[in-house]
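Take a look at the structure below.
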Amino acid sequence: MLKRTCTCGDSRKDQAGNTVILSGWVNTYRDQGKSLVFIDLRDRYGMTQVVFDGEDSPADVMELGSSLRREDVVSVEGIIRVRDGKPNAKLATGEIELVAQKIEVINRTAKLPILPDDHDADGIGEEHRLRHRYIDLRRPRMQKILALRHKITQFTRNFFADNGFLEIETPLLITPTPEGARDFIVPSRHQAGHWYALPQSPQIFKQILMVAGCDKYMQICKCLRDEDPRADRQAEFTQIDLEMSFVEQDDVLKIMGEFAISLYKEVGGIDLGELPQMSWKDAMDNYGSDRPDIRFDLQLADVTEIASKTEFKVFTEACNSGGSVKAMRVPGGAEKLTRKKTDGFAEIAKTYGAGGLPVVKYQGGEFATGVAKFVEPIKNELVEALGLVDGDLVMFGVGSYRVACTSLGEVRLAVAKELDLIPEGMFRGLWVIDFPMFDWNEDAERWVSEHHPFTAPLASHLDTLESDPGNCLSSGYDLVINGAEVGGGSIRIHNPEVQSKVFGLLGLSQEEAENKFGFLLNALRFGAPPHGGVAFGLDRLVMMMIGTTNIRDVIAFPKTQTGADLMCEAPGAADPAQLEELGIIMREPVDSTEQA
RNA sequence: GGGGCGGUAGCUCAAUUGGUUAGAGUACCGGCCUGUCGAGCCGGUUGUUGCGGGUUCGAGUCCCGUCCGCCUCGCCA
């Protein structure tokens, strides 16, 4: 084999005259006739133009050169020379070319299902890209993403190692636990009828590592949650998982904030600025979200009290049933937002549980259109409360507190997009803190954890844990950047009695708690230090730095909406003998030959 | 589980109101061309219109079912 001496991204003008060997894929060929052929040879590092020239290349090399087609794999030995023709400004190697002297055609490609060069690949359906991922990943864009992801994990390991964290692995085959997401489960052969669960996160194990005296732990680990995916999440994803002992909330936020800021700066070249803290209540009140996008203003105001003075049934019903009316002033919205557009925003509000989206314009000192006649009696109060100026438009979020806030909060994001209020290239992050401990679930008629069941109540709220769980605040915190949750964590409960109380509030009996979480409760009984930590979503960090909203772009071998790997065709049928061994009987036989 | 969009050549798409032999670009094959770089010019091969059923003289087009992909609500401690 002709062994390469440098890569397709290396050569520059000052190496003219050198003999080198390049190996790679034929990105494109340009056949100019019997005795002049160009190919762009591509590898991970770049592209170099190779020229087969009747005057300078041997005849047999010339002939092989002209037979090359896209994605053939070749090694070429040749002499670097400054290009005869114009340089190509698009290539780092654009000033030189390699004059072929020897060639080895290592592998010719079969008929290509898709083409990998970025220009052609832009329009290729994702289904084809996933099915033929080995070709898709050759694209420079995908190579760039894989490299960035590597840089992020590398930076992460270095940062935390420098700060005294130990990287410790935790098991993949663990015991199923109640609460949280749906588990993926794995049958046990030795104990037929018993099942492992795959971890939703290493949460309990990292806490136990703290009890075990490890003090500072980190791991870059796969987490698995059998829930329906979205554009920015899928069942199998990766967390940067961390835990620290003998710390309070501010200690954790300090070092994790330093990590985030330096990661964005060092790897992404992005200035995050400082990371302010905002309470969950303020985030909900002012931004209608627990992950507020603070790159633009457009804040919400509470006008419940004012709205209760109207005769507008939509308002008064919400007010009388303990709900809220939120208002958002859109500067200049009276002109910019047509009826058609506000109708579109109303659809968004409805998606998030609101009945609709009352709207009113403020022009010439009067309310116009929409619900103008209903809000006329509270005009002065509204103008003052919202600081309305001529040409503004006001949107109302109505419903329960959470519906009023979140529906209008989602509309806020849509309005910002519509009016182009989000500055390009800006990154703004913050810590959202002081989450509620619990949220009341109507269907189950019980409290559910806002964060997770191991989150400690704020010390100042410990007394409300049992007396008023709905108003008990936790020491949970989320890192939010540009409106996306990129990490979250909490100070954990290190007292077995408090942990038992929380399990009790979540509807787990003492017996169930011992049954399901006994090992954690035991660990807490044998000398648990105060501890807390964070988990960052690695996929989201990569997405944000590369500027994509598609999580599959940042995962080498991602899954589809139905959890399939189109390349290896997982999941597949099991061999009946395997099932027999595991003691599993299928209710209906699965056709193992089935094809899509 | 619900809602929405899509599936036609290897790929990206077109195909009038249901109407002749389903087209174009690209890839690939052949030919021409010595400075191209998304090369160009000429010619050619390529179809279970996702799958199954129905309506009709006639279905890519209409109806029903189903599969796959994407977006989304629920869900994601």
Side-chain angles (χ1 to χ4, degrees), chain A residues 27-40 47-57 62 66-67 69-71 83-91 93-94 97 108-132 135 177-183 200-201 203-204 223-235 237 347-348 350-353 406-407 410 435 437-439 441 443 447-455 474 476 485 488 490 502-503 506 535 537 549-550 552 559-562 564 566 594-596:
Chain A
N27 193 64
T28 51
Y29 66 96
R30 295 179 292 280
D31 187 344
Q32 304 288 305
K34 281 265 172 333
S35 49
L36 183 66
V37 172
F38 299 101
I39 63 168
D40 289 337
M47 276 205 280
T48 299
Q49 171 166 290
V50 179
V51 59
F52 298 82
D53 185 324
E55 289 169 16
D56 300 313
S57 302
M62 188 69 228
S66 66
S67 75
R69 291 300 176 263
R70 302 181 75 164
E71 300 311 308
R83 288 193 185 192
D84 268 6
K86 286 179 192 160
N88 184 348
K90 292 178 190 166
L91 294 181
T93 63
E97 63 190 357
R108 292 195 191 271
T109 181
K111 198 173 180 182
L112 289 162
I114 61 172
L115 288 168
D117 77 84
D118 272 345
H119 174 75
D120 287 336
D122 280 346
I124 293 180
E126 197 168 13
E127 194 172 346
H128 299 295
R129 292 179 47 202
L130 295 181
R131 184 158 276 127
H132 306 283
I135 300 176
T177 51
E179 293 290 307
R182 187 180 295 113
D183 284 323
Q200 298 173 28
S201 80
Q203 181 61 37
I204 296 177
C223 301
L224 299 118
R225 298 176 188 175
D226 188 6
E227 299 290 352
D228 288 351
R230 289 290 183 273
D232 64 347
R233 64 173 214 235
Q234 64 165 1
F237 64 101
E347 287 307 309
I348 293 171
K350 284 181 191 168
T351 313
Y352 289 88
T406 57
S407 64
E410 292 293 334
F435 280 78
M437 276 291 283
F438 308 103
D439 186 28
N441 183 299
D443 296 336
W447 295 106
V448 293
S449 294
E450 182 76 31
H451 218 84
H452 59 55
F454 318 109
T455 300
S474 82
E485 181 195 328
S490 62
V502 170
F503 285 147
L506 295 173
T549 54
N550 180 350
R552 294 175 300 280
K559 295 197 164 42
T560 69
Q561 194 107 163
T562 56
L566 296 178
E594 68 188 10
Q595 283 291 319

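Chain letters run A, B, ... following the sequence lines, proteins first, then strands; residues in each count from 1.
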Backbone N/O of A/Lys559 and side chain of A/Gln234: donor-acceptor pair under 3.5 Å: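 The answer is yes, because a donor-acceptor pair under 3.5 Å joins these two groups.
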Just by distance, do the side chain of A/Arg30 and the backbone of A/Leu36 share a donor-acceptor pair under 3.5 Å?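 Here the side-chain-to-backbone pair does not exist.
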Taking the inter-plane angle between the rings of A/Phe438 and A/Trp447 on a 0 to 90° scale, is it parallel (under 30°), tilted (30 to 60°) or perpendicular (over 60°)?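 Tilted, since the angle between the ring planes falls between 30° and 60°.
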Is [X] side chain donor-acceptor paired with the [N] base, going by distance under 3.5 Å alone?
X: A/Arg83; N: B/rC37; answer: yes
X: A/Asp226; N: B/rC76; answer: no
X: A/Arg233; N: B/rC75; answer: yes
X: A/Arg129; N: B/rG69; answer: no
X: A/Glu127; N: B/rG6; answer: no

Using a 4.0 Å heavy-atom cut-off, does [X] contact any base of the nucleic acid, only the sugar-phosphate backbone, or nothing at all?
X: A/Gln200; result: nothing
X: A/Gln561; result: base
X: A/Ala235; result: nothing
X: A/Arg230; result: base
X: A/Pro113; result: sugar-phosphate
X: A/Leu506; result: nothing
X: A/Thr455; result: nothing
X: A/Lys90; result: sugar-phosphate
X: A/Ser449; result: sugar-phosphate
X: A/Thr28; result: sugar-phosphate
X: A/Glu97; result: base

Any strand is fair game: report the nucleotide pairing with [N] by Watson-Crick or G-U wobble, both distances under 3.5 Å, or none.
N: B/rG69; answer: B/rC5
N: B/rA24; answer: B/rU12
N: B/rC32; answer: B/rG40

Between [M] and [N] - [atom1] atom distance, rounded Å:
N: B/rG18; M: B/rU55; atom1: C1'; value: 11 Å
N: B/rC29; M: B/rU17; atom1: P; value: 40 Å
N: B/rU36; M: B/rA22; atom1: C1'; value: 37 Å
N: B/rG10; M: B/rG2; atom1: P; value: 34 Å

Could you check how far [atom1] of [X] sits from [atom2] of [N], rounded to whole Å?
X: A/Arg225; N: B/rC75; atom1: CZ; atom2: P; result: 15 Å
X: A/Asp439; N: B/rC75; atom1: CG; atom2: C1'; result: 14 Å
X: A/Gln32; N: B/rU36; atom1: CD; atom2: P; result: 7 Å
X: A/Glu450; N: B/rC76; atom1: CD; atom2: P; result: 11 Å
X: A/Glu227; N: B/rC75; atom1: CD; atom2: P; result: 10 Å

Give a yes/no on whether any side-chain N or O of [X] is located under 4.0 angstrom from OP1 or OP2 of [N].
X: A/Thr351; N: B/rG3; value: no
X: A/Thr560; N: B/rC68; value: no
X: A/Lys34; N: B/rC32; value: yes
X: A/His128; N: B/rU12; value: yes
X: A/Tyr29; N: B/rG40; value: no
X: A/Arg30; N: B/rU36; value: no

For residues A/Ile114 and A/Arg129, report the shortest heavy-atom separation together with the two atoms involved.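 Answer, listing the atom of A/Ile114 first, then A/Arg129: CD1-CA, 4.1 Å.
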For the side chain of [X], counting heavy atoms from C-beta on, which of [options] is nearest?
X: A/Glu126; options: B/rC75, B/rC70, B/rU34; answer: B/rC70
X: A/Gln49; options: B/rU34, B/rC37, B/rC11; answer: B/rC37
X: A/Asp84; options: B/rG69, B/rC37, B/rG35; answer: B/rG35
X: A/Ala231; options: B/rU34, B/rC71, B/rG69; answer: B/rC71

Could you tell me whether the side chain of A/Arg83 reaches within less than 4.5 Å of the side chain of A/Val51, counting heavy atoms only?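 Of all side-chain heavy-atom pairs linking A/Arg83 with A/Val51, none is under 4.5 Å.
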Test side chain to side chain contact (heavy atoms under 4.5 Å, CB included) on A/Gln200 and A/Asp183; report intermediate values, then the result. CA-CA 7 Å; A/Gln200 298 173 28; A/Asp183 284 323; 2.6 Å; yes
Tell me which of A/Leu130 and A/His452 sits closer to the 5' end of RNA chain B, going by the nucleotide each one is nearest to.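 By nearest-heavy-atom nucleotide position, the 5'-most residue is A/Leu130.
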Most 5' of A/Asn88 and A/Pro178 on RNA chain B, judged by nearest nucleotide: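 Closer to the 5' end of RNA chain B: A/Asn88.
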Check whether NZ of the Lys or CZ of the Arg A/Arg70 lies under 6.0 Å from the centre of the six-membered ring of A/Tyr29 and within 45 degrees of that ring's axis.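 Checked: cation-pi criterion not met.
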I'd like to know if A/Glu347 and A/Lys350 make a salt bridge, using a cut-off of under 4.0 Å between side-chain N and carboxylate O.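 Answer for the salt bridge query: yes.
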